[in-house]
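Please read the structure below before turning to the comments.
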Number of protein chains: 2
Amino acid sequence: MEERRAEEQPRRRSDGERTHAAILDTAMRLASVEGLGSLTIGRLAKELGVSKSGVFAHFRSKERLQLETLAAAGEVFEREVLEPGLKAAPGLARLQALCEAHLSYIQRGVFPGGCFFAQVLAEYDAVSGPIHDEVADGQGGWFGLLEQEARTAQQAGELAAGVDPVQLVFELAAPVELANYLSVLNRDPRFVERGRRAVRERLAQAATSPA
Amino acid sequence: MEERRAEEQPRRRSDGERTHAAILDTAMRLASVEGLGSLTIGRLAKELGVSKSGVFAHFRSKERLQLETLAAAGEVFEREVLEPGLKAAPGLARLQALCEAHLSYIQRGVFPGGCFFAQVLAEYDAVSGPIHDEVADGQGGWFGLLEQEARTAQQAGELAAGVDPVQLVFELAAPVELANYLSVLNRDPRFVERGRRAVRERLAQAATSPA
DNA sequence: CCTACCGATCGGTAGG
DNA sequence: CCTACCGATCGGTAGG
């Protein structure tokens with residue numbers, strides 16, 4: 001028997017699921033600014049106007065809250081960076097599109113504190129534990145994807161034979177990363193433009209024909 | 001009347017000054033790993049085997065402790081990066097030496113969590129206040145120094161006339177920054193080598209004669 | 001989802 | 001530098 005839900009469409013998700021998602025949404029915004037370690041259950045509760053144990057019940061430990069927040073930010077990254085970037089054709093075009101999507105996501109201020117993963121990377125790079133490991137995995141996956149596109153580009157003759165794909169990806173990701181930190185630090189989007197220029201010039205230099 | 005101090009040389013500094021310096025030393029190490037915001041007076045006290053108020057008395061507020069820790073880290077940076085880098089002749093040689101000194105300081109693990117300023121940059125880029133402002137000033141000063149050397153190099157004909165000194169410094173600093181984060185994240189010094197290679201190649205490309 | 005509570009720790013103060 | 005203390009907040013639990 002089908003239930004009639006015409007008037008209730010926005011409620012296909014249960015209230016509990018919607019609250020859960022709302023908590024994670026606030027948690028992502030807070031953590032992008034102040035860090036995942038500064039997230040506190042009480043602070044989130046106040047921000048959302050619910051009781052502390054009301055928030056706690058959704059996660060059962062602070063670490064699970066942190067890990068779920070990280071996973072939720074991963075979904076945002078996929079939607080805002082991977083999805084638009086992957087629309088480009090494999091190879092050089094896609095490599096450039098992924099870098100540009102990353103820069104655009106920084107420039108648009110998808111997270112108020114800049115790139116969520118740049119924040120937690122710096123925060124957990126020297127701290128062992130499950131968050132460190134998740135961040136390292138995510139970072140490795142992102143670079144791996146870029147390297148794959150660089151190899152595809154090279155096999156297609158779009159990149160010079162002498163180019164090292166791993167080194168190239170390092171040199172493309174570096175200005176994007178710095179653009180994020182400096183644009184947030186100085187509240188100046190011109191740093192994103194510097195990153196964009198660096199990426200374009202590095203790609204043009206590695207390409208077999210002028211871009 | 002001169003006091004005889006032959007046996008007491010290491011005590012030219014008073015006990016209070018030595019304790020103060022010892023607290024800051026521990027604070028720098030802790031903050032480079034866990035962040036300046038995670039510094040707590042109680043934690044420092046335990047680490048040093050003194051009472052909480054014993055530590056507190058040296059700084060009178062947490063913010064002063066943080067700002068003094070930041071200033072102490074600045075002195076380390078001057079000693080470990082600026083001083084060796086500035087020994088090189090002004091211009092291209094010095095620009096390269098400053099980048100190399102920065103990479104070496106990362107690779108040597110002067111701070112256990114990697115570059116102290118990379119840590120606090122990411123931590124405070126989106127958080128307003130005196131720490132943010134100090135970090136922004138320090139970052140601006142460092143880039144300004146590098147840009148000055150780039151201009152000197154260009155005026156001396158060591159860099160091509162078409163090179164934008166500000167953009168060049170951005171593109172030199174970016175791989176150093178990423179090298180820091182990735183070498184710490186993956187506990188793998190080969191990322192420092194990637195940064196070094198990127199800096200060398202970028203400088204060689206900007207130079208008027210092959211390096 | 002709530003109130004009420006636990007022990008631990010926070011930054012900071014008083015008084016010595 | 002110490003002990004002793006303050007109110008606030010932490011993560012988490014009990015019981016509903």
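Below, chain A is the first sequence line, B the second, and so on; all start at residue 1.
Here the P atom of nucleotide C:dG12 and the NE2 atom of B:H58 are 16 Å apart, to the nearest Å. In this entry the distance linking CZ of B:R60 with P of C:dG12 reads 11 Å, nearest Å. Here the C1' atom of nucleotide C:dG11 and the CZ atom of B:F56 are 7 Å apart, to the nearest Å. What separates CG of B:L39 from P of C:dG11 is a distance of 9 Å, to the nearest Å. For B:L65 and C:dC10, the CG to P distance is 12 Å, given to the nearest whole Å. C:dG11 atom P lies 13 Å from atom CZ of B:F59, rounded to whole Å. In this structure, A:R43 places its CZ atom 18 Å from P of D:dA8, rounding to the nearest Å. A straight line from CD1 of B:I41 to C1' of D:dT9 spans 16 Å, rounded to a whole angstrom.
At a threshold of 4.0 Å, the pair A:E80-A:R108 counts as salt-bridged, since one of the basic side-chain nitrogens sits closer than that to a carboxylate oxygen. Note on A:E201 versus A:R197: salt bridge recorded, some NZ/NE/NH1/NH2 to OD/OE distance being below 4.0 Å.
Atom CZ of A:R190 has 12 or fewer neighbouring heavy atoms from other residues, nucleotides or ligands inside a 6.0 Å radius.
Of the two residues contacting DNA chain D, namely B:A57 and B:K52, the nearest-nucleotide position lying further toward the 5' end is that of B:A57. Comparing A:K46 and B:V55, the nucleotide of DNA chain D nearest to each residue sits closer to the 5' end for B:V55.
Within the structure, every side-chain polar atom (N or O) of A:S51 is placed at least 4.0 Å from both OP1 and OP2 of C:dC1.
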side-chain contact (heavy atoms from CB on, under 4.5 Å), that's the test. Do B:S183 and B:D188 meet it? Break it down for me. CA-CA 5 Å; B:S183 65; B:D188 186 344; 5.9 Å; no
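In terms of polar N and O atoms assigned as donor or acceptor, the side chain of B:K62 never comes within less than 3.5 Å of the base of C:dG12 in a complementary pairing. Checked by distance alone, A:S53 brings a side-chain donor or acceptor within 3.5 Å of a matching partner on the base of C:dT3.
Pairing for D:dA14 goes to C:dT3, judged as Watson-Crick or G-U wobble with the two contacts each under 3.5 Å.
Rounding to the nearest 0.5 angstrom, the gap separating the CD atom in B:E123 from the CD atom in B:E34 is 10.5 Å.
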